[in-house]
Structure formats: C-alpha cells, structure tokens
*Asks:* 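Sharing a structure here in structure tokens format.
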Amino acid sequence: MVTEVQTNPKRVTAEKVVTTTCSYCGVGCNLQLHVKDDFIFKVTSPFDSPVNKGNLCVKGRFGYDYIYHPKRVTTPLVRRYLLEGKPKPEGREQVFAISMDGKPILDSKISNDWDWVATDWDTALDVVADNLVRIYQRDGSDAMAVYCCAKATNEDNYLLQKMWRSLFRTNNVDHCTRLCHAGSVVALQKAVGSSAMSNTASQVIQNDVFIVTGSNTGENHPIIALQMKEAVQKYGAKMIVVDPRRIDLVDFAEMWLPLKPGTNVPVFSAMAHVIVKENLVNWEFVKNRTEGFDEFLESLEKFTPEYAEEISGVPAEDIRKAARMYATAKNGAIYWGMGISQLSHGTASALSLIHLAFLTGHIGRDGTGLNPLRGQNNVQGASDMGAMPFHYPGYMRVDNPDNRAKWEKAWNIEEGGLSLKLGLTTTEILGHAHEGGIRALYIMGENPMMSEPNLNETRKHMQELEFLVSQDLFINESGAFADVFLPAASFAEKDGTFTNTDRRVQRVRTALAPRGLARPDWKILCDLATRLERRLKRSTSSKWDYESPEEILREMASVNSDYAGVTYERIEKVGLIYPVPDMNHPGTPTLFKETFPSGRGKFHPLDYVPVMEGADDEYPFVLTTGRLLEHWHGGTMTRNSALNEAYPEARVEIHPADAEMHGITNNMPVRVTSRRGEIVLRATVTEKTTVGVAFIPWHFAEAAANLLTNDALDPEAKIPEFKACAVQVFPAREEELANPEVEVRRGRY
Ligand SMILES: Nc1nc2c(c(=O)[nH]1)N[C@H]1C(S)=C(S)[C@@H](COP(=O)(O)OP(=O)(O)OC[C@H]3O[C@@H](n4cnc5c(=O)[nH]c(N)nc54)[C@H](O)[C@@H]3O)O[C@H]1N2
Ligand SMILES: Nc1nc2c(c(=O)[nH]1)N[C@H]1C(S)=C(S)[C@@H](COP(=O)(O)OP(=O)(O)OC[C@H]3O[C@@H](n4cnc5c(=O)[nH]c(N)nc54)[C@H](O)[C@@H]3O)O[C@H]1N2
Ligand code: SF4
Ligand SMILES: [Mo]
C-alpha cells in the first residue's frame with residue numbers, strides 16, 4: 001500500500017526520529033532517521049555531532065533506500081537439492097530469488113535442483129548446521145572458513161569470529177580489510193605496533209601542512225574532505241596532493257604531485273632524502289623515539305629526487321619543495337588511502353610515509369599524525385573484534401599461548417582447545433577452495449565475486465566450494481553461488497555499535513522493524529551457534545544466549561582493554577574514542593604521545609620494486625580502479641537505491657591525448673582488455689586522469705573492473721594490486737555494451 005509518507009514526505013510529521021550512524025563509509029556520520037508508518041521518509045543530521053556537524057554526503061542523506069528495494073531478499077532460502085536430500089548438481093551460476101513482493105528475480109533454469117526454495121528459519125538453520133558439522137567432522141578445522149563483514153556491527157563480528165574459533169577451532173577468519181588497508185596495517189604494526197589512525201580526522205584544522213596521497217577524499221570520505229578544505233580556506237593550512245588523478249582536492253592544494261601509479265616508494269623516499277640532505281630532520285625525535293636510522297640512511301642514498309623523477313614523472317624540484325614544506329611545518333600530518341596500500345608493494349609504500357613522520361617528529365601531538373583513512377563504516381571495528389586470521393579481538397596474536405588462555409577462559413573452553421595456527425587470509429581462502437582444502441565458506445555481508453581481483457579465477461574457486469552460506473540483504477554476485485541464503489536485517493533494523501576511522505565507537509539504533517523475516521546478524525548467529533554446539537557435543541559450552549548486543553560488547557570488553565570503558569550508556573549521546581581503558585576514562589583522540597606500543601618507532605630500509613605488470617606495446621595503458629561518490633563497492637547497496645539514477649552506468653576515464661592516439665571520443669563504447677579478461681563500457685575523455693592511465697570504478701557488475709585486475713599479492717600483507725595492471729582500449733560497437741540484467745543472469749560478471 002502506498003501511503004502519504006511515501007508520496008508526499010514533505011507534509012508528514014515524524015512519529016519518531018532515531019539517531020544512528022551511517023552505514024556507508026568510515027567517516028561515521030551521525031544520522032537522524034525520520035520515521036512514520038514504519039517508513040523512513042527523511043534523513044537529517046544533528047548539528048552538534050562532533051563527527052559531521054550536521055553535514056552529510058549524498059549517500060548518507062539519500063542512499064538508505066536499498067532497505068526497501070524490491071530485490072532485497074527477506075526470506076531464508078535453501079536450494080531444492082538440499083531440501084530433497086539429492087546430491088549436489090553440477091553448475092552453480094543460478095541467480096533465482098524471491099523478492100519482497102514475492103516475484104522471482106533473474107531466473108535461469110540450469111537445473112530445477114538449483115532452485116531456491118523459500119523456507120522458515122528453523123529449516124534453513126538446521127540445513128546450515130547439519131552441513132557445516134558434517135564437513136567439519138569429516139575434514140577438520142582446516143576445511144572451514146568465514147568472511148566477516150565490515151558493514152555489520154562490532155557485536156555481529158565479535159560473535160562470528162567467536163563461533164568459528166570456538167566451535168570449529170580454526171583461525172580461517174578474515175574480511176575485506178585484507179583487500180583494503182592490509183598494506184598500511186602491516187606497515188604500521190612493523191613500525192609502531194598499532195595500526196589505527198593516530199589522530200582524529202577533525203584535527204585536520206590543526207595542521208599547517210598536510211599530505212593527502214592515494215586518497216580521493218572528496219568522493220570517498222566527503223565529510224573529511226570538507227574539513228580539509230576548511231583547513232585550507234579558513235585556517236590557512238597548506239595541502240600537498242600526491243595522486244595520479246586530478247582529484248577534486250587538487251583545486252584546494254598548494255601542490256599536486258601527479259606520480260605514475262605504483263611509484264610511491266621512490267617519491268616519498270626522495271622526500272626523505274631531501275629532508276636528511278638539507279638537515280631538516282627533527283634529531284631529538286629520531287634519537288629519543290626511533291631505531292634503525294643508520295641502516296635506513298644507507299638505503300636512502302640512491303633515492304635522489306632526480307632518480308624519483310625518472311621513475312615517477314614528478315619533477316625533482318617539486319619533490320624538494322614538498323619535502324621542505326612538510327618538514328618545516330609546525331604541525332604536519334599525512335592522510336592516505338588505497339593508492340598506497342593496494343599495490344604488490346603496499347606495505348613498502350606505507351612505510352615510506354611512516355618514515356617521513358619519524359624524520360620530522362610529526363606524530364604524537366594533536367594536529368599531526370599518520371592517518372590511513374578507513375573505508376567501510378565498521379572496518380575499524382571488525383578488525384578490533386578479531387575478524388582477522390592472526391588476531392583475537394584487541395589485536396592479540398592467535399599464536400601466543402597467553403592470549404589463547406585469556407579467550408579460552410572468556411569462552412569457557414578447555415585448556416589448549418583453541419588453535420594456535422595462523423589462519424588463511426581472504427585472498428588465500430578462495431585459492432584454497434579445493435579437495436583437501438577449504439570445503440565450507442560462510443559469508444556474512446561480503447561480495448568476493450565483485451571485490452576480489454581476477455574474477456574469472458575467483459569464479460572457478462567459488463564453484464569448487466562444497467558448501468557456501470550467504471548472510472546478506474541481497475543475493476549479490478557471490479550469493480548466486482550459495483547453497484543457503486540467510487536474510488539479515490539492515491543497519492536501520494538493529495541495535496549495536498560501529499567504530500569509525502577516528503576509533504570512535506558509536507551507537508547504531510533500531511528505527512524500523514526488520515523487513516519480512518529478516519533478522520539482525522547477531523540473532524541469526526546466536527541461533528546457529530546453539531545448533532552447532534548441540535551437534536558437536538563437546539565437553540564444554542560457551543555462551544550464546546545473549547539478551548542484547550550490549551551484553552555481547554561487554555563480554556568482548558572484559559578481555560579487550562581498548563574497549564574496557566565503553567558502555568552503551570556512556571556512548572548514548574556522543575561516541576567514545578578508544579583506547580578507553582576504564583569506566584572513567586574520557587577516550588584517546590591522539591595516540592603515541594609518550595611512546596609507541598612497540599616502544600621505539602622502527603625505520604625499515606626500502607627498495608623500489610616496480611608494479612607486477614607494467615604497460616607495454618600490447619597493453620599500453622596502466623589501469624587504476626577506484627570509486628565514485630554515488631556508488632559503493634560491488635553496487636549491492638547503491639545500485640539498488642535511488643543513487644543509481646545519479647550515476648547509472650560504468651565508464652572508463654581516458655586522457656584526451658590517449659583518446660586521440662587510439663581513435664576514441666567521449667561517450668564512445670570501448671572494449672578494455674587485460675591478460676585476464678575484457679569488458680565493454682563507455683569512455684569519458686577527461687583530464688581528470690593522466691596520460692597513459694585509464695581509470696575504471698569497480699561498482700558495475702555488467703562491466704566489472706575486477707575481470708581485468710591482477711591477483712598478484714603484496715608478499716607481507718597479501719593485498720592484491722588493484723591499483724595497477726596493463727590494459728588495451730579499443731573502440732567497440734554500441735550493441736556490445738552490456739545490459740546489467742542479462743549479463744548478471746549469464747553469470748558473465
Ligand atoms: N563513494 C564511496 N565512498 C567510499 C567507498 C565506495 O565504494 N564509494 N568505499 C570505502 C572504502 S572500503 C574505502 S577503502 C575507501 C577508499 O577510498 P580511497 O582510498 O580514496 O579509494 P580509491 O577510489 O580506490 O582511490 C584511491 C586514490 O588513489 C589514487 N592512486 C592510484 N594509484 C596510486 C599510486 O600508485 N599512488 C598514489 N599515491 N595514489 C594512487 C587514485 O587516483 C585515487 O585518487 O573509500 C570508502 N568510501
Ligand atoms: N578493483 C578493485 N577492487 C576492490 C577495491 C578497489 O579499489 N578496486 N577495493 C577493495 C576494498 S578497499 C574493499 S573494502 C573491498 C570490499 O569488498 P566487499 O566487502 O566484498 O564489498 P561490499 O560490496 O561492500 O559488500 C558488502 C555486502 O554486505 C551487505 N550488507 C550490508 N549491510 C549488511 C548487514 O548489516 N549485514 C549483512 N549480513 N550484510 C550486509 C551488502 O548487501 C553487500 O552485499 O573491495 C575491494 N575490491
Ligand atoms: S561521508 Fe560517509 S559516513 Fe558521512 S554520510 Fe557520506 S557515506 Fe555516510
Ligand atoms: Mo576498503
């Protein structure tokens with residue numbers, strides 16, 4: 001039934017206004033959801049919010065309507081073959097679902113046994129529990145893996161990793177952080193022993209010089225970009241942008257260094273070279289707070305600005321000028337994103353930034369810092385909750401028996417019961433999906449069939465899985481391969497907490513009843529865990545009967561001291577910035593004031609290693625992939641939202657000089673090919689990209705950028721090289737452009 005609130009929201013007065021946290025990016029803006037008749041008809045933001053001061057970007061303000069989209073699935077679904085006890089049929093790519101209005105979506109009749117059948121929760125959870133336990137009892141811990149979810153709450157993620165670790169005794173637990181800031185995390189752990197942002201984003205107005213690199217902040221952290229612009233325009237700060245694209249921040253920058261993709265190490269090491277040669281070093285900081293300087297100094301010798309210019313294309317004089325500006329600032333800071341970490345030398349790229357802060361002492365004070373801008377709304381929190389293969393909650397290594405003992409006590413597990421073996425990462429889990437490897441995968445809110453590199457390869461791995469569960473709002477491109485689908489409640493239909501890029505723990509609140517039969521993730525997991533425990537018949541049992549998400553948070557905080565003083569009551573109005581070691585502690589906006597968690601900060605000598613696949617005669621462009629303001633990742637949320645009308649189709653950006661050379665004009669359909677795949681989409685000829693660099697956003701299934709990308713990994717962080725691979729671009733015909741519905745149905749994404 002269409003009500004007045006849907007047709008004419010301006011005339012409606014809210015029954016209630018619910019304050020909560022945005023479900024998109026790591027800025028963590030506070031939202032006010034205006035609700036009438038169980039419908040959100042307007043979103044505003046409180047002006048007194050310390051995070052966003054009443055501002056919202058287009059996604060926060062208008063992008064929440066995916067929760068009502070007809071393609072959202074709100075009924076548990078099980079494949080017919082499982083319900084009828086038949087063997088699993090061949091072939092897996094069938095996208096057949098029941099939508100909220102009861103109509104089938106995207107059917108393709110490969111075999112009736114593959115049909116989704118709508119069931120009740122008990123049936124679906126029994127099928128999941130039976131199959132997971134069957135595989136575990138046959139093949140053991142190493143056959144089990146789980147992807148946690150940086151969109152879901154802290155409480156949801158804590159429970160999911162607890163389940164896998166305590167019930168299946170495996171650390172094969174990871175999430176999209178692996179595809180994201182893994183390079184930064186490993187580098188920061190090696191250098192300072194902690195991996196979150198050292199300062200808060202709002203401190204940018206206290207900087208007098210700041211570097212923004214590998215971060216298209218204006219589109220991807222729009223509210224932080226607003227503060228950066230304010231720092232420049234109102235407070236007179238100088239911004240240095242280091243990025244191969246002419247992103248919108250360039251208009252506000254004192255300098256733009258347009259480096260070639262994958263040349264961070266030479267550019268930032270040359271800046272370090274200049275700082276040392278011109279004696280701009282903060283010797284007191286280097287002497288008192290760091291180690292390894294002498295060895296580092298030797299490695300720096302070859303990184304002259306001229307050498308860096310040759311590799312990166314950035315003029316040596318600009319490198320010198322930028323180095324002087326940052327080094328002589330009173331308060332300097334660095335903000336970075338995926339252009340640093342998503343490379344096969346992402347760890348080295350991040351280290352080259354960390355060295356700059358060490359040399360100048362621009363760390364450990366307000367208005368300075370090393371600030372990797374975290375991407376997903378709750379990627380910081382999911383990482384804090386131990387949704388990673390090497391760490392329990394609180395970054396406690398799983399291979400340390402003392403840490404294990406703490407969690408065994410908290411979870412009531414027999415001594416020595418938990419595994420000390422490091423788990424597989426997201427990028428390794430699917431590669432191990434074969435006989436004798438991973439057999440069962442549980443995905444809570446991720447979409448590897450869009451987000452992993454080299455999708456043609458990923459598809460083969462998905463097909464190799466014996467049992468796949470998808471717990472999501474939609475049947476996304478990965479859910480199409482699932483055996484069971486469990487409908488989760490959205491952020492507006494549940495309670496919990498998210499931790500934003502500032503390390504600020506904030507409330508998520510229920511505004512609506514869950515649509516259809518959907519249930520909050522934590523409730524689904526409690527029910528499933530109880531069933532699993534019953535079937536596993538162990539001598540000990542853990543707690544699974546939580547009354548509320550707050551009870552879950554308190555259990556986690558009793559062992560993880562960073563969150564010890566976080567309660568729902570204390571964050572009722574304004575979030576708390578962890579570490580919050582006790583109930584009276586006010587939170588810690590600036591880290592490392594006295595010392596680093598590792599004691600001294602450690603320099604690491606670096607070498608320049610080129611990207612794995614450079615441009616050549618056959619593939620003359622470097623492809624870089626990234627994001628658009630209006631869209632989110634694989635598009636599951638934003639393409640099922642009004643935002644899709646704002647940016648409805650995939651585009652490849654090409655520089656005018658390249659376009660002319662290859663006979664390409666604006667809006668022309670083009671075929672982009674790499675050694676791994678091809679896609680057809682329209683060209684946008686623009687100076688936003690630099691000569692020789694093509695840019696494709698990876699939001700569009702019908703022209704999925706990850707069919708082209710290279711799955712080469714950084715050896716330490718295991719992050720893929722999303723930011724550079726070689727491609728060719730040819731003119732194509734209009735009729736070759738892909739139709740989203742048809743392509744997805746054919747499984748060609
Ligand atoms: N609208 C929107 N916002 C988002 C997201 C989204 O999907 N849509 N996703 C969220 C997530 S999970 C994340 S991780 C963040 C990511 O936010 P960003 O880190 O801003 O992500 P990208 O769009 O991948 O852009 C990376 C930037 O790096 C530059 N770059 C490419 N190669 C290099 C290089 O070799 N060196 C340097 N120095 N720069 C390079 C690119 O030109 C681009 O400006 O955004 C979050 N916010
Ligand atoms: N080429 C290329 N590839 C990339 C990148 C790139 O820059 N270039 N960036 C990488 C980065 S930085 C990241 S972070 C990854 C992201 O990769 P993924 O995490 O795989 O991608 P998303 O599309 O964000 O998937 C989120 C899913 O969660 C679901 N969801 C939303 N809310 C909830 C909830 O409350 N509960 C549950 N159960 N589900 C929910 C959504 O419907 C969606 O299906 O992709 C990576 N892939
Ligand atoms: S900046 Fe991020 S958190 Fe804020 S409204 Fe936009 S998407 Fe949401
Ligand atoms: Mo990310």
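Start at 1 and go down the list; that is how both ligands and their atoms are numbered. The shown structure was predicted, so the numbers you read here are calculated from the model rather than taken from an experiment.
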*Asks:* Among Phe268, Phe695, Trp632, which residue places a heavy atom closest to atom 4 (C) of ligand 1?
*Replies:*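 Minimum heavy-atom distance to atom 4 (C) of ligand 1 goes to Trp632.
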*Asks:* Enumerate the atoms of ligand 1 whose separation from the nearest heavy atom of Gln376 is less than 4.0 angstrom.
*Replies:*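 By the 4.0 Å cutoff, the relevant atoms are 12 (S).
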*Asks:* Would you mind listing which atoms of ligand 2 come within a distance below 4.0 Å of any non-hydrogen atom of Lys723?
*Replies:*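 Counting atoms of ligand 2 from 1, those under 4.0 Å from Lys723 are 7 (O).
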*Asks:* Is there a donor-acceptor contact under 3.5 Å linking the side chains of Asn500 and Gln380?
*Replies:*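 Judged by distance alone, the side chains do not pair up.
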*Asks:* Enumerate the atoms of ligand 1 whose separation from the nearest heavy atom of Val242 is less than 4.0 angstrom.
*Replies:*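 Under 4.0 Å from Val242, ligand 1 has these atoms: 38 (N).
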*Asks:* Checking the N or O distance criterion of under 3.5 Å, is ligand 2 in contact with Asn706?
*Replies:*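 Between Asn706 and ligand 2 (N or O atoms, distance only) the closest approach is under 3.5 Å.
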*Asks:* Under 4.0 Å from ligand 2, counting heavy atoms only, is it the side chain of Asn476, its backbone, both or neither?
*Replies:*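 Looking at Asn476 and ligand 2, just side chain atoms fall under 4.0 Å.
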*Asks:* Do the charged groups of Asp248 and Lys229 touch, with an N to O distance under 4.0 Å?
*Replies:*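 Lys229 and Asp248: salt-bridged.
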*Asks:* If you measure from each non-hydrogen atom of Asn220 to ligand 1, which part falls under 4.0 Å: side chain, backbone, both or neither?
*Replies:*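 Near ligand 1, Asn220 shows its backbone as well as its side chain.
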*Asks:* Under 3.5 Å between any N/O of His633 and any N/O of ligand 1: does that happen in this structure?
*Replies:*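 Among all N and O atoms of His633, at least one is under 3.5 Å from an N or O of ligand 1.
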*Asks:* How far is atom 8 (N) of ligand 2 from its nearest protein heavy atom, and which residue and atom name does that atom have?
*Replies:*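 Answer, as residue, atom name and distance: Thr625 OG1, 2.9 Å.
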*Asks:* Any sub-3.5 Å donor-acceptor pair from His699's side-chain atoms to Gly635's backbone N or O?
*Replies:*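 Flag not set: sc His699 to bb Gly635 has no pair under 3.5 Å.
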*Asks:* Considering only NZ, NE, NH1 and NH2 on the basic side and carboxylate oxygens on the acidic side, decide whether Glu457 and Arg676 come within less than 4.0 Å.
*Replies:*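 Not counted as a salt bridge, because no side-chain N and carboxylate O are separated by less than 4.0 Å.
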*Asks:* Are Glu155 and Thr497 linked by a side-chain donor-acceptor pair shorter than 3.5 Å?
*Replies:*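 Yes, because at least one side-chain N or O of Glu155 sits under 3.5 Å from a partner of the opposite role on Thr497.
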*Asks:* Between Asp156 and Lys494, is there a salt bridge with N-O shorter than 4.0 Å?
*Replies:*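 Here Lys494 pairs with Asp156 in a salt bridge, since their nearest N and O are under 4.0 Å apart.
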*Asks:* Under 3.5 Å between some N or O of ligand 2 and some N or O of Gln471?
*Replies:*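 Indeed, backbone or side chain, Gln471 has an N or O that close.
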*Asks:* Does the ring center of Phe722 lie less than 6.0 Å from the ring center of Trp698?
*Replies:*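 They do not qualify: ring centres at least 6.0 Å apart.
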*Asks:* List the closest protein heavy-atom neighbour of atom 45 (O) of ligand 2: residue, atom name, distance to the nearest 0.1 Å.
*Replies:*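 Sorting protein heavy atoms by distance from atom 45 (O) of ligand 2 puts Trp698 CH2, 3.1 Å first.
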*Asks:* List nothing but the number: protein N/O/S atoms under 2.8 Å from atom 4 (Fe) of ligand 3.
*Replies:*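 Considering protein N, O and S only, atom 4 (Fe) of ligand 3 has 1 within range.
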*Asks:* Which atoms of ligand 2 sit under 4.0 Å from any heavy atom of Gly634?
*Replies:*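 That gives atoms 23 (O) of ligand 2.
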*Asks:* Counting both backbone and side chain atoms, is some N or O of Gly445 under 3.5 Å from an N or O of ligand 2?
*Replies:*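 Yes, there is a polar N/O contact under 3.5 Å.
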*Asks:* Is it true that Glu219 and Lys688 have a side-chain N and a carboxylate O under 4.0 angstrom from each other?
*Replies:*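 Yes.
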*Asks:* Nearest to atom 32 (N) of ligand 2, what protein heavy atom do you find, and at what distance?
*Replies:*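 Nearest protein contact, heavy atoms only, for atom 32 (N) of ligand 2 is Lys151 CB, 3.6 Å.
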*Asks:* Does ligand 1 have an atom that lies less than 4.0 angstrom from a heavy atom of His699?
*Replies:*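 His699 counts as a contact of ligand 1 under the 4.0 Å cut-off.
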*Asks:* Considering only the protein, which heavy-atom contact is closest to atom 2 (C) of ligand 2, and what is its distance?
*Replies:*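 Its nearest protein heavy-atom neighbour is Phe722 CD2, 3.2 Å.
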*Asks:* Can you tell me if Glu230 has over 12 outside heavy atoms packed within less than 6.0 Å of its CD?
*Replies:*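 It does: Glu230 CD has more than 12 such atoms within range.
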*Asks:* Flag the pair Arg245 and Glu653 as a salt bridge only when some basic side-chain nitrogen lies within less than 4.0 angstrom of an acidic carboxylate oxygen.
*Replies:*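 So Arg245 pairs with Glu653 through a salt bridge.
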*Asks:* For ligand 2, which atoms, with element, lie under 4.0 Å from some heavy atom of Met444?
*Replies:*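 In order of numbering, the contacting atoms are 38 (N).
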*Asks:* Checking a contact table here: which protein heavy atom is nearest atom 19 (O) of ligand 1, and how many Å away?
*Replies:*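 The closest one turns out to be Met338 N, 2.7 Å.
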*Asks:* What I want to know is whether Thr217 and ligand 1 share at least one N or O pair that is separated by under 3.5 angstrom.
*Replies:*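 No, there is no polar N/O contact under 3.5 Å.
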*Asks:* Any idea which atoms of ligand 1 are less than 4.0 Å away from a heavy-atom of Thr213?
*Replies:*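 Close to Thr213: 38 (N).
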*Asks:* With a 4.0 Å cut-off on heavy atoms, is Ser23 touching ligand 2?
*Replies:*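 So Ser23 does not count as touching ligand 2.
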*Asks:* Got an N/O contact under 3.5 Å between Leu629 and ligand 1?
*Replies:*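 By distance alone, the answer is yes.
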*Asks:* Please check if any side-chain donor atom of Asn157 sits under 3.5 Å from a side-chain acceptor atom of Gln161, or the reverse.
*Replies:*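 Their side chains do not contain a donor-acceptor pair, so the 3.5 Å distance test is not met.
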*Asks:* So, Thr510 and Asp495: side-chain donor and acceptor under 3.5 Å apart, yes or no?
*Replies:*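 Yes, because at least one side-chain N or O of Thr510 sits under 3.5 Å from a partner of the opposite role on Asp495.
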*Asks:* Is there any N or O on His221 that sits under 3.5 Å from an N or O of ligand 1?
*Replies:*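 Such a contact does not occur with ligand 1.
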*Asks:* Check this for me - ligand 2, Asp472, N or O atoms closer than 3.5 angstrom, yes or no?
*Replies:*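 Yes.
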*Asks:* For Leu259, counting its heavy atoms only, list the atoms of ligand 1 lying under 4.0 Å from any of them.
*Replies:*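 Matching atoms, with element in brackets: 36 (N), 37 (C), 38 (N).
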*Asks:* What atoms of ligand 1 come within less than 4.0 Å of a heavy atom belonging to Gly337?
*Replies:*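 Those of ligand 1 that fall under 4.0 Å from Gly337 are 19 (O).
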*Asks:* Looking only at non-hydrogen atoms, which of Gly214, Gly626, Pro697, Gly63 approaches atom 39 (N) of ligand 1 most closely?
*Replies:*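 Nearest option to atom 39 (N) of ligand 1, by heavy atoms: Gly214.
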*Asks:* For atom 41 (C) of ligand 1, what is the nearest protein heavy atom, given as residue, atom name and distance?
*Replies:*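 Among all protein heavy atoms, the one nearest atom 41 (C) of ligand 1 is Asp243 OD1, 3.4 Å.
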*Asks:* Only one of Phe62, Phe498, Phe491, Trp632 passes ring pair (Phe, Tyr, Trp, His ring centres under 6.0 Å) with Tyr24; say which it is.
*Replies:*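 By the ring pair (Phe, Tyr, Trp, His ring centres under 6.0 Å) criterion, Tyr24 pairs with just one of Phe62, Phe498, Phe491, Trp632: Trp632.
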*Asks:* Could you check whether Arg639 makes a cation-pi contact with Phe700, meaning its NZ or CZ is under 6.0 Å from the centre of the six-membered ring and within 45° of the ring axis?
*Replies:*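 No, Arg639 does not lie over the aromatic ring of Phe700.
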*Asks:* Pairs of nitrogen or oxygen atoms closer than 3.5 Å, one from Pro261 and one from ligand 1: do any exist?
*Replies:*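 Between Pro261 and ligand 1, no N or O pair is found under 3.5 Å apart.
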*Asks:* Just need the protein heavy atom nearest to atom 47 (N) of ligand 2, so name the residue and atom and give the distance.
*Replies:*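 Minimum-distance protein heavy atom for atom 47 (N) of ligand 2 reads Ser451 O, 2.8 Å.
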*Asks:* Do the side chains of Lys59 and Glu630 get close enough for a salt bridge, i.e. N-O under 4.0 angstrom?
*Replies:*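 So Lys59 does not pair with Glu630 through a salt bridge.
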*Asks:* Check each atom of ligand 1 against the heavy atoms of Ile247 and keep those under 4.0 Å away; list them by number with element.
*Replies:*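 Within the 4.0 Å cut-off of Ile247, ligand 1 contributes 44 (O).
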*Asks:* Ignoring hydrogens and angles, state whether a donor on the side chain of Glu477 or Asn447 is under 3.5 Å from an acceptor on the partner side chain.
*Replies:*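 Yes, a side-chain donor-acceptor pair sits under 3.5 Å.
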*Asks:* Quick one: does ligand 1 sit under 4.0 Å from the side chain of His631, the backbone, both or neither, non-hydrogen atoms only?
*Replies:*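 Backbone only.
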*Asks:* Between Glu493 and Arg72 (salt bridge meaning N to carboxylate O under 4.0 Å), is one present in this structure?
*Replies:*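 Salt bridge between Glu493 and Arg72, a charged N being under 4.0 Å from a carboxylate O: yes.
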*Asks:* Within the structure provided, determine whether Val609 and Val265 are in side-chain contact (heavy-atom separation under 4.5 Å).
*Replies:*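 Contact flag for Val609/Val265 side chains = no.
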*Asks:* For atom 36 (N) of ligand 2, grab the closest protein heavy atom and report residue, atom and distance to one decimal in Å.
*Replies:*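 Looking at atom 36 (N) of ligand 2, the protein heavy atom closest to it is Asp521 OD2, 2.8 Å.
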*Asks:* Does Arg374 come within less than 4.0 Å of ligand 1, judged by its heavy atoms?
*Replies:*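 No; Arg374 lies far enough from ligand 1 that no heavy-atom distance drops under 4.0 Å.
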*Asks:* May I ask you to identify the nearest protein heavy atom to atom 13 (C) of ligand 2, giving residue, atom name and distance to one decimal place in Å?
*Replies:*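 The closest heavy atom on the protein side is Arg627 NH2, 4.0 Å.
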*Asks:* Salt bridge check, Asp251 against Arg246: does any charged N sit closer than 4.0 Å to a carboxylate O?
*Replies:*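 Asp251 and Arg246: salt-bridged.
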*Asks:* Can you list the atoms of ligand 1 that are under 4.0 Å from a heavy atom of Gly262?
*Replies:*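 Answer for ligand 1: 34 (C), 35 (O).
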*Asks:* For the residue pair Ser45 and Asn52, confirm or rule out a side-chain donor-acceptor distance under 3.5 Å.
*Replies:*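 Yes, side-chain donor-acceptor contact under 3.5 Å.
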*Asks:* So does Lys53 have more than 12 non-hydrogen atoms from other groups sitting under 6.0 Å from NZ?
*Replies:*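 Correct, the count exceeds 12.
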*Asks:* How far is atom 37 (C) of ligand 1 from its nearest protein heavy atom, and which residue and atom is that?
*Replies:*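 Protein heavy atom with the smallest distance to atom 37 (C) of ligand 1: Asn264 OD1, 3.3 Å.
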*Asks:* Is Leu628 close enough to touch ligand 1? Criterion: a residue heavy atom under 4.0 Å from a ligand atom.
*Replies:*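 Checking ligand 1 against Leu628, which is what was asked, there is a heavy-atom contact under 4.0 Å.
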*Asks:* Looking only at protein heavy atoms, which one is nearest to atom 35 (O) of ligand 2, and what is the separation?
*Replies:*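 Its nearest protein heavy-atom neighbour is Lys494 NZ, 3.1 Å.
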*Asks:* Given the rule in the side-chain contact (heavy atoms from CB on, under 4.5 Å) test, do Asn476 and Met449 qualify, once you have shown the distances and angles that lead to the verdict?
*Replies:* CA-CA 8 Å; Asn476 60 23; Met449 273 310 297; over 6 Å; no
